[in-house]
Each structure stands twice: as C-alpha cells, then as structure tokens.
Colleague: 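Let me begin by handing over the structure; questions about it come next.
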2 protein chains.
Amino acid sequence: MDLDQQAGATGLPAPGGGRVTMQQVAAEAGVSVSTVSKVLNGRYGVSPATSEHVMGVITRLGYEASLVARSLRNRRTNVIGVLVADFEPFSTEVLKGAADAIRGSGFELVAYSAGGRVDEHVGWERRYLSRVMGTLVDGAVLVTPTVTDVQYDGPVVAVDPHTGRSSLPTVAGDNLQGARLGVDHLLGLGHTRIGMVTGRPDLVSAQLRERGYREAHAAAGLVVDEDLLALGAFEAEQARVAAHHLLSLPDPPTAVFAANDRSALAVLEVAAERGLEVPGDLSVIGFDNVPESALSDPPLTTVEQPIRRMGHDAVALLLSLLDGDEAAATQLTLPTTLVTRRSTAAPSTSRD
Amino acid sequence: MDLDQQAGATGLPAPGGGRVTMQQVAAEAGVSVSTVSKVLNGRYGVSPATSEHVMGVITRLGYEASLVARSLRNRRTNVIGVLVADFEPFSTEVLKGAADAIRGSGFELVAYSAGGRVDEHVGWERRYLSRVMGTLVDGAVLVTPTVTDVQYDGPVVAVDPHTGRSSLPTVAGDNLQGARLGVDHLLGLGHTRIGMVTGRPDLVSAQLRERGYREAHAAAGLVVDEDLLALGAFEAEQARVAAHHLLSLPDPPTAVFAANDRSALAVLEVAAERGLEVPGDLSVIGFDNVPESALSDPPLTTVEQPIRRMGHDAVALLLSLLDGDEAAATQLTLPTTLVTRRSTAAPSTSRD
DNA sequence: CTGTTAGCGCATTCAA
DNA sequence: TTGAATGCGCTAACAG
C-alpha cells in the first residue's frame, strides 16, 4: 500500500455522510483502534511506517476525534467553558475578551447557553455547571451568575456576579464607584432632580449602584426623593414601565440614571415616544457601555465597565488556576469610567 | 485520605467537589442506575413511590446528567452548535441572532471556537464539524466558513460563506448590491478618485465586493484606476499597509471603500496618524456594520449586513431542516443597506 | 511494536 | 416493577 498524500487523488472525505469513527479508520488502515489512538495522540510504541500509513488514512478520511467521546474518557479536555444565561450584548463582550485571553494558550473555548429557558430557575449556573464541568470542560467562567455558592472540583471564575461576596474567584466592575461617577456627572451638570431606574433588588450589583446613587446625593448635600426611584429590574420592559412612571410624576426628574444600558436605552425610547428631547428635556445615563449604547439616538452617555477586559482577566485567572496556582484565586475589581456621549447635558434653564 | 462519599445521611449536595454521577444517585437511593435513568427521562415502568424517592435524592444531591455522556449515548441531543473561527464582532452578532431564534424552541446553543488556532488550516470548519456533529450537536451553523463542500449526516447551514456556490443551505448578505450601494454613495457625494482596500482574494465575498466597486464605476462612466486597489485581506494589519500605500500615492484617493469594517477602522487609524481629517480630507466607508463601527471617531459610514438576522434565519432554517423539512434547504440572500454616519462627505473643493 | 481488555456516564434492551 | 447487561467512541492499562 502506498503512503500518505497519494490518496489526494480521490480525496473524498466522509463518503456518503455519517461521521467517521476511529473504528472505520482502523478498519480502513488494517490496524486496531488502539493503534490509531496512539498515532493520533503521538504516543510512543508505533513504528514510523504504520504511523505514517495511519496518518494517511486519517487525513484521507478526514477523521477528527469526537470531542464528546474523548471528553468522556479523559480527565483533561483542554476546553474552557463560558456559561451564559443568554447571548446578549454583555455576555458576548465577555466572550470577546475570553477569546483574547485564550489565544495561544492551547485551549479551546465553548460558550454554552440554555436558550432562554433560564428564568425558570434562578440557579441556572449550577445546572449548567453540573452538565459540563468535569466532562466537557476543564474549567468554567460564569457570566453574571445569580448565585455563587457553588462548589465544584474544577476551577470556576465568576464575572460580574450579581450576588454578594462569594467563595468563588471573581472579576467585577466597581459598581459603587461607577454609580458615583454617573450621578456625579449629572450633578455636575446642574441636575438636582435625578431619577433612577433601579436594577433587580435581589442582586448585589443593583444594590451597589443604588447605593452609589444615594451616596452621590449625600455628598452633594442633596436629599433623595424616594419617588424618583423606580424598579427597572435590569430589563427593557420593566424599565419602560419605570420610565413612564417617572416621567408622569407631577415634578418629573430632569435626568435619569439607569442601572444598566438596557434600561437606559428603554428610557430613551420612552422619552422619544413622549415627545421629550434628549438631552434637551431629559438627560439619560446608563451603566455598562455595551457597544450598542453608541448606536442609540442620541448616543448614550454611560458608565463603562471594561467588559472585554473582565472576560480576558477571568480566563487568565482560570488558566492560572488550572495551572495549579491556588494563589491566583482572588476577587478582582476593575475600575469603571465615565463615557460621555450625547444623552446628557445641563438641565434646560426655563421650565414651567 | 479517603474522600469517599459519606454524604449518605447528611444530604449536602456534592460534598467537597467531584461531580455527582448517576451511580452516586443510585447508590444513595438504593436502586439501580437504570431505574434512576428511567425516572430522569420519565419512562414508564417505575412505581410512583420509587420515582418520587429517587427524584428527591436527585434534587437533594443536585444531580444533573452529564451532557457529554448523554450525547455519546443518544442520537438526539437537542443542542445546536454555532461554529466560529473566533469570537469577534461579526460572529458574536450572529450569535445574538441565533439566540433570538433558539428561544422557546427547546434547543440549547453551544458556540464553539478553537481559540485562534485557526489560521493554521483553512478548513477549520471541517475539523470542528467532525468533532461535534453527530455527538455533541444535532446540527450546526458555520459562521464565515472558507469552504463549504462539507457533507455530513446532520444538517448544516452556512452564514456568510466566503466561498462560492456551495452544496450547503446558506444565509448571506448581498455583497454585490452592498458594494454598489457603498461606492454609489461615494460617487454621489462627488468623489471620482475612490480607493478600495480589498478583501482576501480567495474568498468570493471579497471578489463580489470588488466587482460591485467596478460595476459602480462603470455605471457612472468612470474608469477604474488599478493603482487605487490595495490588498487588505479583511484584517487590520494588512489593511493598514494598504491604507498607507493608497495615501502615499502621488495622486491619492479622496475616498476609500474598505471591504469590511475592520479594514475601514484601520484606514481611519492610518488617516489620523497621517494628520488627515475624516471626512474633510478623506471619506471612508466600510462593510458589515458591526456595532463597533459606531464607536470610531468619526463614526463609520458603512454598508450594513443584517448580521443578527442572518444568525436568526440560519438557526430557523436549521430548525426546520431538523424537523425534516428538506424543502427548507435554500440559499438565502438578505439585502444590504447603507448606514450613513460621519466618515463620508463631499470631497473638499480646494485641492492642490 | 501491536492488539486485547476495560471503563468513562448514561439510556436502552431484555430477563428476572 | 426492577436490575443486569450492552454499547456509544475513545484512551490507557496490560498482554502478546
């Protein structure tokens, strides 16, 4: 039998569909599966001749080892999992950062989402983790988990966990400082009646942002009007309701601080529907700086979390954890910054 | 020391790490694995009493079936794979669209990337496919594959394939029309010396965009100056070189049409480095409209492909294919549109 | 140097 | 109603 590339003439991979298995390669090459396995993994104990021959059959048949079968058998898979509730602007930014960090590490990246079946249970991250950890992936990054008391054998890092202090290594933005930044910006512009569309009350990130809002007021010697706080719950529909409520107040706010960009974008929509000019009649500021926030009309002023970097650092941390560096386990807090675009301005001097 | 499972009476979920397997559930419940399996999958032939008891143990232990083991055993996994070369702005937009389409379908979504080890081989999609198709996923969406002559048992849909007519169902933007749109915009502004930073010559999408560029010139009765075409290869570094080349020409272009946003953004950078005002001294237009294109300074005018919708339609198509609807296999071409932002303007009237 | 054996975690026969 | 046996595709012992 001839050796390698000669088969290029026929070169038809996977004739007739159905994936090629190691069995078929072995049969085709006239050797045993274990020999194929050894060749594939570069194990010693195979003669150069057979090795080359098998290699030829492998490429000719276009064989690739099944990730699943290999994962089931091996303890190490060289795959990192990123577990998200959904693929939306925030989580995909994290993904980009994760990809930056994984490059050249020899690891592969799998992002896993349950396709919106999430809201059923709060503890989605726990279920996902059980499904993939220890089999499909060597370690995992949890994006905005709602619970972090999980405890598994493999290393796990949480990005922007919405819950309080956890046992997990964590990468998060500085929510408190960020909120201060945002509200101070509004205050500095001359606003004194600043509404807030709050996040989900059970999540610490939301609590921190509200606290920043309050602290900023206190620092400015202002008393917070509790009527100016409306529940947005981090999601668009609820934020719309909140915005309508705020703007219907007898003495409506001249500016709104939204707990995240998604909410801020909703506020922008509502303002437009009500014929309000932004920032002429109403200033709006968000939180996150997802790319989409620059696409709105007007482009959104917002508090930036370095999302990509959070993804990057989370994976880097995970990688060193995987490398046995227990000292790497830590709680990283990344600074937030103000991104001034065009949805904020000084309050109009002439108001009724 | 033995960290055996003394969890018996304690009822602590996953004590001390190590994922919970069906074996452990069975042992804890005092039944066989097959019984646990039946309970888990709602098979008939289990007494209500045992069923309930086992169920209790399952929740108490926080057991979740391993995705991998289940995939290996079952033909159907109810998981859709999205295979990407890397997580970058384009592919993540597709992902968002895919998530939109998957919601409520009962399927889950797995996005898989080899972590930048791609450029080694052109046929990354073939390798990925072999690794996951038929085991981990029921069907796959290939994002910007470079080869589409793959032929596997499971259904596969390609999004924005860079190669020519393929045997695969496909969702793509209208590259030819889009390029016409972009160049016509420049022409309409009064530009007559329009440079082009081209894409990878081996990819049909790039060829089409160049053809649109030429056709637009022809339609306007203009002859294309071949010196005004420079290779950008769809990536930043090469595009920078191309931009420098173009702008160093004795009679430089007053506008540049870049084959994709990534290249256009690179042109913007180079222009800034050379002290050129955009759009005062130079107009720049891109292709894709990834969210990032709005973040540049100035915000980029570009030809939009409905990327999210492409992802959505690809998954929808895949789902109906999975449903046995062979007629769904088709080549979808989605219209492109012009997004006018601030990187294009009429050429300055006074030039040397 | 090569093939045989066993088993990863699970679902499905088939017997008991 | 239940459990023991079988095998998905692969790798790691061990035996030949």
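No hydrogens, no waters, no symmetry mates; every other heavy atom, side chains included, goes into these values. So you know, we letter chains A, B, ... as the sequences are listed, proteins then strands, and number each from 1.
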Colleague: For M22(A) and dG3(C), give me the distance from atom CE to atom P, rounded to whole Å.
Modeller: 13 Å

Colleague: Just by distance, with hydrogens left out, do T35(B) and S32(B) show a side-chain donor and acceptor under 3.5 Å apart?
Modeller: yes

Colleague: Establish, from distance only, whether the side-chain atoms of D160(A) and T144(A) form a donor-acceptor pair under 3.5 Å.
Modeller: no

Colleague: By nearest nucleotide on DNA chain D, pick out whichever of S32(B) and N41(A) is the more 5' one.
Modeller: S32(B)

Colleague: Between atom CZ in R75(B) and atom P in dT12(C), what is the gap in whole Å?
Modeller: 14 Å

Colleague: Would you call E108(A)-R131(B) a salt bridge at under 4.0 Å N-O?
Modeller: yes

Colleague: Mapping G45(A) and L40(B) to their closest nucleotides on DNA chain C, which lands nearer the 5' end?
Modeller: G45(A)

Colleague: Verify the contact: side-chain N or O of R73(B) to OP1 or OP2 of dT12(C), cut-off strictly under 4.0 Å; return yes or no.
Modeller: no

Colleague: With heavy atoms under 4.0 Å as the rule, sort V31(A) into base, sugar-phosphate or nothing.
Modeller: sugar-phosphate

Colleague: Would you mind classifying the nucleic acid contact of V36(B) as base, sugar-phosphate or nothing, using non-hydrogen atoms under 4.0 angstrom?
Modeller: nothing

Colleague: Could R103(B) and D86(A) be called an ion pair, given the rule that one side-chain N must be under 4.0 Å from one carboxylate O?
Modeller: yes

Colleague: Whole angstrom is fine here: how far is it from NZ in K38(B) over to P in dT13(C)?
Modeller: 11 Å

Colleague: What does S34(A) touch in the nucleic acid at a heavy-atom separation under 4.0 angstrom: a base, only the sugar-phosphate, or nothing?
Modeller: base

Colleague: Which is true for T50(B) with a 4.0 Å heavy-atom rule: it touches a base, it touches only sugar-phosphate, or it touches nothing?
Modeller: sugar-phosphate

Colleague: Tell me what S37(B) touches on the nucleic acid: a base, only sugar-phosphate, or nothing, going by heavy atoms under 4.0 Å.
Modeller: base

Colleague: List the atom pairs, donor and acceptor, that lie under 3.5 Å between side-chain atoms in residues 310-322 of chain A and the rest of the protein, sequence neighbours left out.
Modeller:
{"residue": "D313(A)", "atom": "OD2", "partner": "R309(A)", "partner atom": "NE", "Å": "3.4"}
{"residue": "S320(A)", "atom": "OG", "partner": "A316(A)", "partner atom": "O", "Å": "3.4"}
{"residue": "S320(A)", "atom": "OG", "partner": "L317(A)", "partner atom": "O", "Å": "2.9"}

Colleague: Do any N or O atoms from the side chain of T330(B) and from the backbone of L332(B) form a donor-acceptor pair under 3.5 angstrom?
Modeller: no

Colleague: What is the separation between atom CE on M133(A) and atom P on dC8(C), rounded to the nearest whole Å?
Modeller: 21 Å

Colleague: Starting at CZ of R131(A) and ending at P of dG9(C), how long is that distance when rounded to a whole Å?
Modeller: 16 Å

Colleague: Going 5' to 3' along DNA chain D, which nucleotides are the first and last within contact of chain A (any atom under 4.0 Å from a heavy atom)?
Modeller: dG9(D) to dA12(D)

Colleague: Write down the distance between CG (N74(B)) and C1' (dT13(C)), rounded to a whole number of angstrom.
Modeller: 14 Å

Colleague: How many Å lie between CD on Q23(B) and P on dG7(C), as a whole number?
Modeller: 12 Å

Colleague: So what does Y44(A) hit on the nucleic acid, given a heavy-atom distance under 4.0 Å: a base, only sugar-phosphate, or nothing?
Modeller: nothing

Colleague: Could you tell me which non-hydrogen atom of Y128(B) sits nearest to which non-hydrogen atom of A85(B), and how far apart they are?
Modeller: OH-O, 4.4 Å

Colleague: Starting at atom CG of L61(B), determine the distance to atom P of dG9(C), rounded to an integer number of angstrom.
Modeller: 15 Å

